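Nothing here was measured: the structure is a model prediction, and the numbers come from that model. In what follows, every heavy atom counts, from backbone to side chain, and hydrogens, waters and symmetry copies are set aside. Lettering of chains follows the sequences in order, A, B, ..., and the numbering in each one begins at 1.
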Protein chains: 2
Amino acid sequence: MEPMAAPSPGKCHKANEVIALIGDKWTVHIVMQLATGKKRFSEIERSVDGISRKMLTTTLRGLERDGYVTREVFPTIPPRVEYELTNFGRELSCPLRALGDWAAANHDRVLAARRAYDNRVED
Amino acid sequence: MEPMAAPSPGKCHKANEVIALIGDKWTVHIVMQLATGKKRFSEIERSVDGISRKMLTTTLRGLERDGYVTREVFPTIPPRVEYELTNFGRELSCPLRALGDWAAANHDRVLAARRAYDNRVED
DNA sequence: TATATTCAGTCTCTAATATAGACTGAGTCT
DNA sequence: AGACTCAGTCTATATTAGAGACTGAATATA
């Protein structure tokens with residue numbers, strides 16, 4: 001098979017900078033949750049399994065900073081804060097959803113490959 | 001706007017497990033590099049900016065374990081080891097490329113959002 | 001009236017993870 | 001003889017993540 005042409009370095013570099021943010025452990029999960037609609041802090045916390053408050057705060061702040069989500073504070077007691085994807089965030093959620101769908105569809109193949117590898121290695 | 005239906009929990013969970021692997025700091029970069037063709041260890045090291053030898057080894061092993069890449073050792077001196085995407089890995093590279101393309105295309109919008117946020121916050 | 005609960009965080013302490021950089025081994029090159 | 005190469009590994013340090021206590025003021029409960 002003919003090797004494909006390498007993408008231009010400029011493009012790679014630009015992609016890398018942005019992927020550095022969206023390619024971390026929690027961002028994908030959070031964006032996918034917000035893709036289902038506006039959510040408050042504790043709702044996201046409950047729906048993203050295993051995330052700590054600290055990381056949820058940190059990740060949401062990063063998403064807000066980069067323009068993917070809005071944060072709306074209601075000065076009630078107890079406080080209420082709602083997070084929602086911007087249009088830009090909804091655009092991002094498309095390639096992210098494609099990745100998530102692929103991941104879900106190929107889950108079993110990955111597990112099979114992993115078992116096969118572990119059997120090969122353990123002797 | 002009507003909220004969209006949440007994906008089924010099963011699907012989410014499956015996707016999460018797989019994304020846990022491909023959604024780390026280096027995997028995306030390495031797969032994108034390998035998408036341009038077979039590469040040896042030091043070539044990847046040079047093309048993925050800032051990666052440490054240890055993380056390159058760790059990440060490549062994970063990708064091999066999950067069936068995304070093959071590792072071929074040539075017992076020469078000095079040693080030569082070639083990494084190549086499997087067909088499965090090439091499948092993965094499609095949604096990953098889509099994400100990378102989106103990231104590259106929207107790089108400037110992210111940076112603008114970030115500057116705007118930082119200006120808003122710093123007072 | 002006293003107490004518990006709620007939410008969206010923050011803070012601190014500890015645990016896990018990543019990085020930097022030295023080291024390896026045997027064959028070529030100078 | 002000495003330097004250089006590659007694909008790692010090893011160790012020590014630095015960065016990052018996680019667990020869990022704490023906050024403050026209104027409401028709900030006993």
Donor + acceptor pair across side chains of B/Lys39, B/Ser42 (<3.5 Å): no

Covered region of DNA chain C, 5' end to 3' end, by chain A [heavy atoms, under 4.0 Å]: C/dT6 to C/dT10

Partners meeting salt bridge (charged side-chain N to carboxylate O under 4.0 Å, His left out) with A/Arg80 (sequence neighbours left out): A/Glu82

End axis versus end axis in the helix from C/dT1-D/dA30 to C/dT30-D/dA1, the angle rounded to 10°, five pairs used at each terminus: 10°

Gap between atoms NZ and P, on B/Lys54 and D/dA12 respectively (whole Å): 12 Å

Spacing of OH belonging to B/Tyr68 relative to CG belonging to B/Leu96, to within rounding of 0.5 Å: 9.5 Å

By side chain to side chain donor-acceptor pair (under 3.5 Å) - contacts of A/Ser47 (at least two apart): A/Gln33

Co-membership, hydrophobic cluster, residues A/Val73 and A/Phe41, 4.5 Å side-chain: yes

Would you list the atom pairs, donor with acceptor, under 3.5 Å between side chains in residues 18-31 of chain B and any protein atom, with sequence neighbours excluded?
| residue | atom | partner | partner atom | Å |
| --- | --- | --- | --- | --- |
| B/Asp24 | OD1 | B/Thr27 | N | 3.4 |
| B/Asp24 | OD1 | B/Thr27 | OG1 | 2.2 |
| B/Asp24 | OD2 | B/Trp26 | N | 3.4 |
| B/Thr27 | OG1 | B/Leu21 | O | 3.4 |
| B/His29 | ND1 | A/Asn16 | OD1 | 3.0 |

Residue list, side chain to side chain contact (heavy atoms under 4.5 Å, CB included) with A/Thr58, at least two apart or on another chain: A/Lys54

Within-4.5 Å side-chain heavy-atom neighbours: B/Leu63 and B/Leu85: no

Contact list for DNA chain C against residues 55-86 of chain A - heavy-atom distance below 4.0 Å: A/Thr57, A/Arg61, A/Arg71, A/Pro78, A/Pro79, A/Arg80, A/Val81, A/Tyr83

Result block: side-chain N/O donor-acceptor pairs under 3.5 angstrom for residues 105-113 of chain B, not counting sequence neighbours:
| residue | atom | partner | partner atom | Å |
| --- | --- | --- | --- | --- |
| B/Asn106 | OD1 | B/Arg109 | NE | 3.2 |
| B/Asn106 | OD1 | B/Arg109 | NH2 | 2.9 |
| B/Asn106 | ND2 | B/Trp102 | O | 2.8 |
| B/His107 | NE2 | A/Glu17 | OE2 | 3.2 |
| B/Arg109 | NH2 | A/Glu91 | OE1 | 2.8 |
| B/Arg109 | NH2 | A/Glu91 | OE2 | 3.2 |

Side chain to side chain donor-acceptor pair (under 3.5 Å) partners of residues 69-79 of chain A, not counting sequence neighbours, each pair once: A/Arg71-A/Tyr83

Members of residues 39-51 of chain B that approach DNA chain C, where some heavy atom sits under 4.0 Å away: none

Any residue meeting salt bridge (charged side-chain N to carboxylate O under 4.0 Å, His left out) with A/Arg40, in chain and number order, not counting sequence neighbours: none

Pairs satisfying salt bridge (charged side-chain N to carboxylate O under 4.0 Å, His left out), at least one member in residues 43-53 of chain B, at least two apart: B/Glu45-B/Arg53

